[in-house]
Amino acid sequence: MSQSNLKSMFTDYIDGDSFFKNKDALTTNWKPDNILHRDQQINDLASILAPSLRGDDPSNVFIYGSVGTGKTLITKHVTEELTSVANSEDVDLNIVYINCKMKKVADTEYRLLAKLAEQLGDDVPSTGLPTDEVYNRFFEALQEQEGVVVIALDEIDALVKKVGDEFLYNLTRINDDLQKTKVSIIGISNDLNFTEYMDSRVKSSLSEEEIIFPPYNAIELREILKDRAEKGFVEEALKGGVISKCSALAAQEHGDARRALDLIRVAGELAERSSSEEIAKKHVDKAQEKIERDRIVETVRSQPKHSKLVLYIILDMTDDQDDIATGDVYSEYKGLCEEVDVSKLTQRRVSGLISELDMLGVINAKVISKGRYGRTRQISVDLSEDIRGQIKEMVEDKFYI
DNA sequence: AGTCCACAGGAAGGGCAGGCGA
DNA sequence: TCGCCTGCCCTTCCTGTGGACT
């Protein structure tokens, strides 16, 4: 692009009509005035939490539902309403919301306790103290509260799978030691079978009440999307069938409203970038590809260097071989480490990295037995040429391959 | 039926960086 | 500054295992 073209592109951008009138309305963080198809869940959660307005401690509640079914949105909505009533009625109520999956924030017991203490007004260093000291600080911070404290732990399944359920046991028993404060816990999980991982005592005290968020079907998704699109896009930006297409695709993805919103927003951005007259179905297809590509590439980018090298080897080997084994990858990997002058990891560790890449959905690795010839992982890659190229390029740039 | 391969994957612990309190 | 504590990444050591081969 020549420099004058660049200039005209920018001026066109300013002068050009945008498809968007409020892009925020097309993101998951945006809270609509009326939340569709979740009346039952809103009422359930509200009636469980309502006793806190009279100073009683509400039952602990467990919320289940897969990704994009509105768990976080509804929890925030109900707790915000509750807080505003509590404020106007002068009731002591404190709501703490924490996402346990947030890397480096609340993904270990220490960090969770530190974060909880911080939200209750105590400052705890991000590392350095013994865990029981952090627990004490959190406990003291709780004691200084008056009335009810509701702790909402989002993506609690991720944390329990990582560090066990002992912290939950402590949390659910904390009321026994508190005098004037009452604590209630909302556990939010994406994994419906998650309680199987937990001790039965924790399970029973945490699941005093349960609320299930079923996936949205295509019709519900369409209504949600239509509502958001009216707020997010200017009139007549969308060609017929676009909303239906987005909702149908998202319904296939376990009724994921987040995916539906991402699809329509990205489709809008792509259409705008290609200077189209309107947003059409082809933009949705492109959006689908882009979202998947970005997800994979971003996942890989955030991996440690050895994980990148291992993936590079796997991509390289699967170029002309269908299935490869852990041992093959490891011997090639050792060669690559020498080539780029990086100290190599052990096979045990590389095996772990392969398993992590599999869990992240970047590669497919399944354990098979070849009888006499041992047991190994059969590794294959199901990525488009485009994505493979991007990942390889990223690794080559980083290590000067 | 027994052997044996090529790993998988659990457990324990070392070493490091970041941070605290004395 | 030093001792101590944490999370994190990694190694070492180990036991387990599905099925082809003998």
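Convention: sequence-line order gives letters A, B, ...; per-chain numbering from 1.
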Is any side-chain N or O of Thr376(A) closer than 4.0 Å to OP1 or OP2 of dA6(B)? no
Above 12 or not: heavy atoms from other molecules or residues under 6.0 Å from NZ of Lys31(A)? yes
I'd like to know if the side chain of Ser207(A) reaches the main chain of Phe62(A), judged simply by a donor and an acceptor atom lying under 3.5 Å from each other, with no hydrogens or angles considered. no
Quick check for you: among dG21(B), dA20(C), dC10(C), whose closest atom lies nearest to any side-chain atom of Tyr373(A)? dA20(C)
If you look at every strand shown and take non-hydrogen atoms under 4.0 Å, does Lys305(A) touch a base, only sugar-phosphate, or nothing? nothing
Atom-to-atom span, CD1 of Ile368(A) to P of dA20(C) - whole angstrom: 10 Å
Gap between atoms OH and C1', on Tyr333(A) and dC10(C) respectively (whole Å): 11 Å
Which of the following nucleotides, dC10(C), dA8(B), dC5(B), is nearest to the side chain of Arg349(A)? dC10(C)
For atom NZ of Lys398(A), is the number of surrounding heavy atoms from other residues, nucleotides or ligands below 6.0 Å larger than 12? no
Within this structure, what is the CD-to-P distance between Gln347(A) and dC10(C), rounded to whole angstrom? 16 Å
By nearest heavy atom, map Arg137(A) and Gly371(A) onto DNA chain B; which one lands nearer the 5' end? Gly371(A)
Could you state the atom-to-atom distance from CD1 of Ile354(A) to P of dG9(B) in whole Å? 11 Å
Regarding the side chain of His306(A), the nearest nucleotide among dC10(C), dT12(C), dC21(C) is dC10(C)
Closest to the side chain of Ser369(A), out of dG19(C), dC13(C), dG21(B), is dG19(C)
Mind calculating the distance between NZ (Lys344(A)) and P (dT11(C)) to the nearest angstrom? 10 Å
With a 4.0 Å cut-off, would you call Glu118(A) and Arg137(A) a salt bridge? no
Distance-only donor-acceptor test (3.5 Å): side chain Arg377(A), base dG9(B): no
Taking atom types as they are modelled, would you say the side chain of Arg375(A) forms a donor-acceptor pair with the base of dT17(C) within the 3.5 Å cutoff? yes
For this output row, return yes or no: ring centroids of Phe20(A) and Phe233(A) closer than 6.0 angstrom. yes
Output the rounded distance in Å from CG (Leu353(A)) to C1' (dT11(C)). 13 Å
Roughly, in whole Å, what's the span from CZ in Arg372(A) to C1' in dC7(B)? 15 Å
For the pair made of CD in Gln378(A) and C1' in dT17(C), what is the distance, rounded to whole Å? 17 Å
Starting the side chain at C-beta, find the nucleotide from dC10(C), dC4(B), dC7(B) nearest to Thr326(A). dC7(B)
